[in-house]
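Here the structure is a predicted model, which is why all the values come from computation and not from measurement. For ligands, and for the atoms within them, numbers begin at 1 and follow the listed sequence.
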Amino acid sequence: MKDTEMLEQNVTNHPVKIAARNVQVYYGDSQAIRDVDIDINDKTVTAFIGPSGCGKSTFLRCINRMNDTIDAARVTGDIRIDGEDIYDKRVDPVQLRAKVGMVFQKPNPFPKSIYDNVAYGPRIHGLAQNKADLDGIVEQALRRGAIWDEVKDRLHAPGTGLSGGQQQRLCIARAVATEPEVLLMDEPCSALDPIATAQVEELIDELRQNYSVVIVTHSMQQAARVSQKTAFFHLGNLVEFGDTDDIFTRPQDPRTESYITGRIG
Ligand SMILES: Nc1ncnc2c1ncn2[C@@H]1O[C@H](COP(=O)(O)OP(=O)(O)OP(=O)(O)O)[C@@H](O)[C@H]1O
Ligand SMILES: [Mg+2]
(Lines give C-alpha, C1' and ligand atoms only; values in the text may rest on other atoms or scores of the structure.)
(Ligands and ions follow the chains in the order given, each with its own letter.)
Protein backbone atom coordinates (compact mmCIF):
# COMPACT_ATOMS: atom_id res chain seq x y z
CA MET A 1 0.00 0.00 0.00
CA LYS A 2 1.30 3.49 -0.84
CA ASP A 3 1.98 5.95 1.98
CA THR A 4 -0.69 8.38 0.81
CA GLU A 5 -3.31 5.64 0.67
CA MET A 6 -2.29 4.56 4.14
CA LEU A 7 -2.73 8.11 5.43
CA GLU A 8 -6.14 8.48 3.87
CA GLN A 9 -7.20 5.13 5.21
CA ASN A 10 -6.16 6.10 8.69
CA VAL A 11 -8.15 9.30 8.94
CA THR A 12 -11.22 8.30 10.88
CA ASN A 13 -13.75 10.71 12.31
CA HIS A 14 -16.56 8.26 12.77
CA PRO A 15 -18.60 8.39 15.97
CA VAL A 16 -17.91 6.11 18.89
CA LYS A 17 -19.80 2.83 18.56
CA ILE A 18 -18.48 0.87 21.54
CA ALA A 19 -17.43 2.53 24.78
CA ALA A 20 -15.84 0.41 27.52
CA ARG A 21 -14.96 1.76 30.94
CA ASN A 22 -13.19 0.18 33.86
CA VAL A 23 -13.60 -3.35 32.48
CA GLN A 24 -12.20 -6.19 34.57
CA VAL A 25 -12.47 -9.88 33.72
CA TYR A 26 -11.74 -12.70 36.13
CA TYR A 27 -11.54 -16.45 35.56
CA GLY A 28 -12.19 -17.73 39.06
CA ASP A 29 -9.63 -15.92 41.22
CA SER A 30 -7.27 -14.93 38.46
CA GLN A 31 -7.68 -11.63 36.70
CA ALA A 32 -7.30 -11.69 32.91
CA ILE A 33 -8.28 -8.10 32.05
CA ARG A 34 -7.75 -5.07 34.23
CA ASP A 35 -9.05 -1.50 34.05
CA VAL A 36 -9.70 -1.40 30.33
CA ASP A 37 -11.10 1.86 28.96
CA ILE A 38 -11.52 2.16 25.20
CA ASP A 39 -13.67 3.93 22.63
CA ILE A 40 -14.11 1.99 19.40
CA ASN A 41 -15.31 3.93 16.37
CA ASP A 42 -18.07 3.06 13.96
CA LYS A 43 -17.14 2.27 10.33
CA THR A 44 -13.57 1.63 11.36
CA VAL A 45 -11.39 -1.46 11.66
CA THR A 46 -9.76 -1.71 15.09
CA ALA A 47 -6.99 -4.27 15.58
CA PHE A 48 -6.21 -5.86 18.96
CA ILE A 49 -2.58 -6.98 19.15
CA GLY A 50 -0.34 -8.31 21.91
CA PRO A 51 1.47 -11.41 23.11
CA SER A 52 -0.32 -14.73 23.59
CA GLY A 53 -2.33 -14.81 26.81
CA CYS A 54 -2.52 -11.01 27.19
CA GLY A 55 -6.33 -11.04 27.11
CA LYS A 56 -7.26 -10.08 23.53
CA SER A 57 -9.85 -12.84 23.08
CA THR A 58 -11.16 -12.34 26.61
CA PHE A 59 -11.77 -8.66 26.01
CA LEU A 60 -13.23 -9.28 22.54
CA ARG A 61 -15.73 -11.72 24.06
CA CYS A 62 -16.88 -9.01 26.49
CA ILE A 63 -18.28 -7.05 23.54
CA ASN A 64 -20.96 -9.62 22.69
CA ARG A 65 -21.19 -11.24 26.11
CA MET A 66 -19.66 -14.50 24.92
CA ASN A 67 -17.95 -14.69 28.33
CA ASP A 68 -21.45 -15.34 29.75
CA THR A 69 -21.08 -18.82 28.28
CA ILE A 70 -17.88 -19.53 30.26
CA ASP A 71 -18.77 -20.56 33.81
CA ALA A 72 -15.57 -19.36 35.45
CA ALA A 73 -15.63 -15.94 33.77
CA ARG A 74 -16.85 -12.81 35.55
CA VAL A 75 -16.98 -9.39 33.89
CA THR A 76 -17.31 -6.07 35.72
CA GLY A 77 -17.32 -2.49 34.48
CA ASP A 78 -19.35 -0.77 31.83
CA ILE A 79 -19.64 -1.53 28.11
CA ARG A 80 -22.00 0.48 25.96
CA ILE A 81 -22.93 0.15 22.32
CA ASP A 82 -24.55 3.32 20.98
CA GLY A 83 -24.83 4.43 24.59
CA GLU A 84 -26.75 1.33 25.67
CA ASP A 85 -25.38 -0.78 28.53
CA ILE A 86 -25.04 -4.26 27.02
CA TYR A 87 -24.83 -5.87 30.48
CA ASP A 88 -28.19 -4.43 31.53
CA LYS A 89 -30.56 -7.14 32.78
CA ARG A 90 -33.07 -6.22 30.08
CA VAL A 91 -30.63 -7.04 27.27
CA ASP A 92 -31.16 -10.47 25.73
CA PRO A 93 -27.70 -11.90 24.91
CA VAL A 94 -29.09 -13.76 21.89
CA GLN A 95 -30.41 -10.52 20.39
CA LEU A 96 -27.15 -8.80 21.30
CA ARG A 97 -25.13 -11.45 19.44
CA ALA A 98 -27.22 -10.91 16.31
CA LYS A 99 -26.27 -7.22 16.49
CA VAL A 100 -22.66 -7.98 17.42
CA GLY A 101 -21.55 -10.82 15.15
CA MET A 102 -18.47 -12.93 15.74
CA VAL A 103 -16.09 -14.89 13.55
CA PHE A 104 -13.74 -17.33 15.25
CA GLN A 105 -10.19 -18.46 14.62
CA LYS A 106 -11.23 -21.86 13.35
CA PRO A 107 -13.94 -21.86 10.68
CA ASN A 108 -16.96 -23.45 12.37
CA PRO A 109 -19.78 -23.96 9.85
CA PHE A 110 -22.82 -25.80 11.20
CA PRO A 111 -23.26 -29.36 9.90
CA LYS A 112 -25.90 -28.09 7.51
CA SER A 113 -26.06 -26.95 3.91
CA ILE A 114 -24.34 -23.76 2.76
CA TYR A 115 -27.78 -22.18 2.40
CA ASP A 116 -28.94 -23.23 5.86
CA ASN A 117 -25.74 -22.01 7.50
CA VAL A 118 -26.51 -18.50 6.29
CA ALA A 119 -30.30 -18.72 6.67
CA TYR A 120 -30.10 -19.92 10.27
CA GLY A 121 -29.75 -16.49 11.94
CA PRO A 122 -32.30 -14.67 9.74
CA ARG A 123 -34.76 -17.53 10.40
CA ILE A 124 -34.48 -17.48 14.19
CA HIS A 125 -34.65 -13.69 14.23
CA GLY A 126 -37.62 -13.61 11.84
CA LEU A 127 -35.88 -11.38 9.31
CA ALA A 128 -37.55 -12.89 6.21
CA GLN A 129 -41.25 -12.68 5.28
CA ASN A 130 -41.17 -15.61 2.88
CA LYS A 131 -38.91 -17.98 0.95
CA ALA A 132 -38.08 -15.48 -1.78
CA ASP A 133 -37.13 -12.96 0.88
CA LEU A 134 -34.88 -15.48 2.63
CA ASP A 135 -33.27 -16.45 -0.69
CA GLY A 136 -32.45 -12.79 -1.23
CA ILE A 137 -30.95 -12.40 2.26
CA VAL A 138 -28.82 -15.53 1.78
CA GLU A 139 -27.56 -14.37 -1.61
CA GLN A 140 -26.72 -10.92 -0.34
CA ALA A 141 -24.85 -12.30 2.70
CA LEU A 142 -22.87 -14.73 0.53
CA ARG A 143 -22.00 -11.85 -1.80
CA ARG A 144 -20.84 -9.78 1.14
CA GLY A 145 -18.80 -12.76 2.30
CA ALA A 146 -17.13 -12.75 -1.13
CA ILE A 147 -18.05 -16.37 -1.73
CA TRP A 148 -21.27 -16.23 -3.77
CA ASP A 149 -19.69 -17.07 -7.11
CA GLU A 150 -17.97 -20.11 -5.66
CA VAL A 151 -21.10 -21.60 -4.05
CA LYS A 152 -24.11 -20.36 -6.01
CA ASP A 153 -24.42 -23.66 -7.88
CA ARG A 154 -24.18 -25.82 -4.77
CA LEU A 155 -26.14 -23.99 -2.09
CA HIS A 156 -27.60 -27.24 -0.80
CA ALA A 157 -24.25 -29.00 -0.42
CA PRO A 158 -22.84 -29.22 3.13
CA GLY A 159 -20.91 -26.18 4.40
CA THR A 160 -18.34 -28.51 5.91
CA GLY A 161 -17.42 -29.71 2.39
CA LEU A 162 -15.86 -26.37 1.49
CA SER A 163 -12.15 -25.58 1.73
CA GLY A 164 -10.90 -23.90 4.92
CA GLY A 165 -10.77 -20.46 3.34
CA GLN A 166 -14.23 -20.93 1.82
CA GLN A 167 -15.58 -22.10 5.17
CA GLN A 168 -14.23 -18.99 6.85
CA ARG A 169 -15.87 -16.75 4.24
CA LEU A 170 -19.08 -18.75 4.73
CA CYS A 171 -18.83 -18.03 8.47
CA ILE A 172 -18.37 -14.34 7.69
CA ALA A 173 -21.46 -14.50 5.44
CA ARG A 174 -23.34 -16.21 8.27
CA ALA A 175 -22.25 -13.46 10.68
CA VAL A 176 -23.34 -10.63 8.37
CA ALA A 177 -26.68 -12.28 7.45
CA THR A 178 -28.37 -10.96 10.59
CA GLU A 179 -27.38 -7.38 9.68
CA PRO A 180 -25.03 -6.88 12.62
CA GLU A 181 -23.68 -3.45 13.48
CA VAL A 182 -20.45 -4.71 14.96
CA LEU A 183 -18.32 -7.58 13.70
CA LEU A 184 -15.80 -9.21 16.05
CA MET A 185 -13.13 -11.38 14.43
CA ASP A 186 -10.73 -13.44 16.52
CA GLU A 187 -7.71 -14.30 14.36
CA PRO A 188 -9.97 -14.96 11.37
CA CYS A 189 -7.10 -15.72 9.00
CA SER A 190 -4.94 -17.95 11.14
CA ALA A 191 -6.19 -21.13 9.43
CA LEU A 192 -6.01 -19.68 5.93
CA ASP A 193 -3.45 -19.72 3.15
CA PRO A 194 -2.08 -16.42 1.76
CA ILE A 195 -4.67 -16.26 -1.04
CA ALA A 196 -7.64 -16.82 1.24
CA THR A 197 -6.08 -14.41 3.76
CA ALA A 198 -5.85 -11.72 1.09
CA GLN A 199 -9.51 -12.32 0.18
CA VAL A 200 -10.62 -12.04 3.79
CA GLU A 201 -8.53 -8.90 4.30
CA GLU A 202 -10.11 -7.32 1.25
CA LEU A 203 -13.49 -8.27 2.61
CA ILE A 204 -12.71 -6.70 6.00
CA ASP A 205 -11.88 -3.48 4.22
CA GLU A 206 -15.27 -3.55 2.48
CA LEU A 207 -17.15 -4.44 5.65
CA ARG A 208 -15.79 -1.29 7.26
CA GLN A 209 -18.19 0.72 5.05
CA ASN A 210 -21.09 -0.64 7.08
CA TYR A 211 -19.76 -1.94 10.36
CA SER A 212 -17.53 -1.36 13.27
CA VAL A 213 -15.01 -4.20 12.88
CA VAL A 214 -12.71 -5.43 15.65
CA ILE A 215 -10.04 -7.94 14.65
CA VAL A 216 -7.60 -9.82 16.85
CA THR A 217 -4.43 -10.66 14.99
CA HIS A 218 -0.95 -11.98 15.67
CA SER A 219 0.24 -10.53 12.40
CA MET A 220 1.46 -6.99 12.68
CA GLN A 221 1.55 -6.77 8.90
CA GLN A 222 -2.12 -7.68 8.89
CA ALA A 223 -2.96 -5.11 11.57
CA ALA A 224 -1.11 -2.47 9.55
CA ARG A 225 -2.87 -3.49 6.34
CA VAL A 226 -6.45 -3.72 7.53
CA SER A 227 -6.91 -1.47 10.55
CA GLN A 228 -7.19 2.25 11.13
CA LYS A 229 -6.90 1.96 14.92
CA THR A 230 -4.75 -0.41 16.95
CA ALA A 231 -4.92 -1.42 20.60
CA PHE A 232 -1.90 -3.09 22.19
CA PHE A 233 -2.61 -5.38 25.17
CA HIS A 234 0.00 -6.72 27.57
CA LEU A 235 -0.61 -8.89 30.66
CA GLY A 236 -4.29 -7.96 30.79
CA ASN A 237 -3.73 -4.23 30.40
CA LEU A 238 -4.57 -2.05 27.46
CA VAL A 239 -1.17 -0.42 27.19
CA GLU A 240 -1.64 1.78 24.17
CA PHE A 241 -4.42 2.65 21.74
CA GLY A 242 -4.31 5.00 18.79
CA ASP A 243 -4.14 5.43 15.05
CA THR A 244 -2.52 2.33 13.53
CA ASP A 245 0.08 4.52 11.82
CA ASP A 246 1.15 6.04 15.12
CA ILE A 247 1.25 2.73 16.99
CA PHE A 248 3.55 1.22 14.38
CA THR A 249 5.76 4.21 13.71
CA ARG A 250 5.72 6.25 16.92
CA PRO A 251 4.71 4.01 19.84
CA GLN A 252 4.60 5.92 23.12
CA ASP A 253 5.08 3.03 25.53
CA PRO A 254 8.31 1.00 25.67
CA ARG A 255 6.25 -2.23 25.92
CA THR A 256 4.51 -1.44 22.63
CA GLU A 257 7.82 -0.68 21.01
CA SER A 258 9.36 -3.93 22.24
CA TYR A 259 6.41 -5.91 20.91
CA ILE A 260 6.25 -4.34 17.49
CA THR A 261 9.98 -4.60 17.03
CA GLY A 262 9.80 -8.28 18.00
CA ARG A 263 11.52 -8.12 21.37
CA ILE A 264 8.54 -9.46 23.35
CA GLY A 265 5.72 -11.77 22.42
N1 LIG B 1 -11.90 -20.27 29.80
C2 LIG B 1 -10.87 -19.86 30.53
N3 LIG B 1 -10.70 -20.29 31.80
C4 LIG B 1 -9.66 -19.88 32.56
N5 LIG B 1 -8.71 -19.03 32.14
C6 LIG B 1 -8.81 -18.57 30.89
C7 LIG B 1 -9.89 -18.96 30.00
N8 LIG B 1 -9.72 -18.34 28.81
C9 LIG B 1 -8.59 -17.60 28.95
N10 LIG B 1 -8.06 -17.73 30.18
C11 LIG B 1 -6.82 -17.07 30.67
O12 LIG B 1 -6.98 -15.65 30.53
C13 LIG B 1 -5.76 -15.06 30.04
C14 LIG B 1 -6.07 -14.34 28.72
O15 LIG B 1 -6.39 -15.31 27.74
P16 LIG B 1 -6.90 -14.93 26.28
O17 LIG B 1 -7.35 -16.17 25.64
O18 LIG B 1 -7.87 -13.81 26.38
O19 LIG B 1 -5.54 -14.38 25.64
P20 LIG B 1 -5.21 -13.98 24.13
O21 LIG B 1 -4.54 -12.64 24.18
O22 LIG B 1 -6.41 -14.11 23.28
O23 LIG B 1 -4.12 -15.08 23.73
P24 LIG B 1 -3.83 -15.81 22.31
O25 LIG B 1 -3.10 -14.78 21.49
O26 LIG B 1 -2.96 -16.95 22.67
O27 LIG B 1 -5.15 -16.21 21.71
C28 LIG B 1 -4.75 -16.19 29.90
O29 LIG B 1 -3.97 -16.19 31.06
C30 LIG B 1 -5.62 -17.42 29.81
O31 LIG B 1 -4.95 -18.54 30.33
MG1 LIG C 1 -6.93 -15.38 21.68
Proximity winner for atom 28 (C) of ligand 1, if only heavy atoms of Ala73, Ser52, Gly53, Cys54 are counted: Gly53
Exercise check, heavy-atom protein proximity under 4.0 Å to atom 2 (C) of ligand 1: yes
Regarding Asp133 and Lys131, does a basic nitrogen lie under 4.0 Å from an acidic carboxylate oxygen? no
Can you list the atoms of ligand 1 that are under 4.0 Å from a heavy atom of Ala32? 12 (O), 13 (C)
Check ion pair Asp245-Lys229 (N to O, under 4.0 angstrom): no
Charged N to carboxylate O below 4.0 Å: is that the case for Glu150 and Arg169? yes
Among the clusters formed by ILVMFWY side chains lying less than 4.5 Å apart, do Met66 and Ile18 turn up in the same one? yes
Would a 4.5 Å heavy-atom cut-off, applied to side chains only, mark Phe232 and Asn237 as touching? no
Does the structure place the NZ or CZ of Arg255 under 6.0 Å from the centre of the six-membered ring of Phe233, at an angle of no more than 45° from the ring's axis? no
Is there a nitrogen or oxygen of Ala72 sitting under 3.5 Å from a nitrogen or oxygen of ligand 1? no
Could you list the atoms of ligand 1 found under 4.0 angstrom from a heavy atom of His218? 24 (P), 25 (O)
So, does Gly50 sit close enough to ligand 1 that a heavy atom of it is under 4.0 Å from the ligand? no
Look at atom 12 (O) of ligand 1 and say which protein heavy atom is nearest, naming residue and atom and giving the distance to 0.1 Å. Tyr27 CE1, 3.2 Å
Out of all atoms in ligand 1, which are within 4.0 Å of some heavy atom of Ile70? Include the element for each. 1 (N)
Assess Arg65 against Tyr87: is NZ or CZ under 6.0 Å from the centre of the six-membered ring, and within 45 degrees of the ring's axis? yes
Given Phe241, which partner from the list Thr230, Thr46, Asp246, Ile247 fulfils the side chain to side chain contact (heavy atoms under 4.5 Å, CB included) test? Thr46
Checking heavy-atom distances from atom 22 (O) of ligand 1 to each of Ser190, Ser57, Gly236, the winner is Ser57
Metal site the Mg ion (ligand 2): N/O/S of Ser52 inside 2.8 Å: no
Going by the order shown, which atoms of ligand 1 are within less than 4.0 Å of some heavy atom of Thr58? 14 (C), 15 (O), 16 (P), 18 (O)
Just to check, does Gly55 reach to within less than 4.0 Å of ligand 1 when the distance is taken from its heavy atoms? yes
Heavy-atom protein neighbour under 4.0 angstrom from atom 31 (O) of ligand 1: no
Should we count NZ of Lys106 as having more than 12 external heavy atoms under 6.0 Å? no
Using non-hydrogen atoms of the residue, decide whether Glu187 is closer than 4.0 angstrom to ligand 1. yes
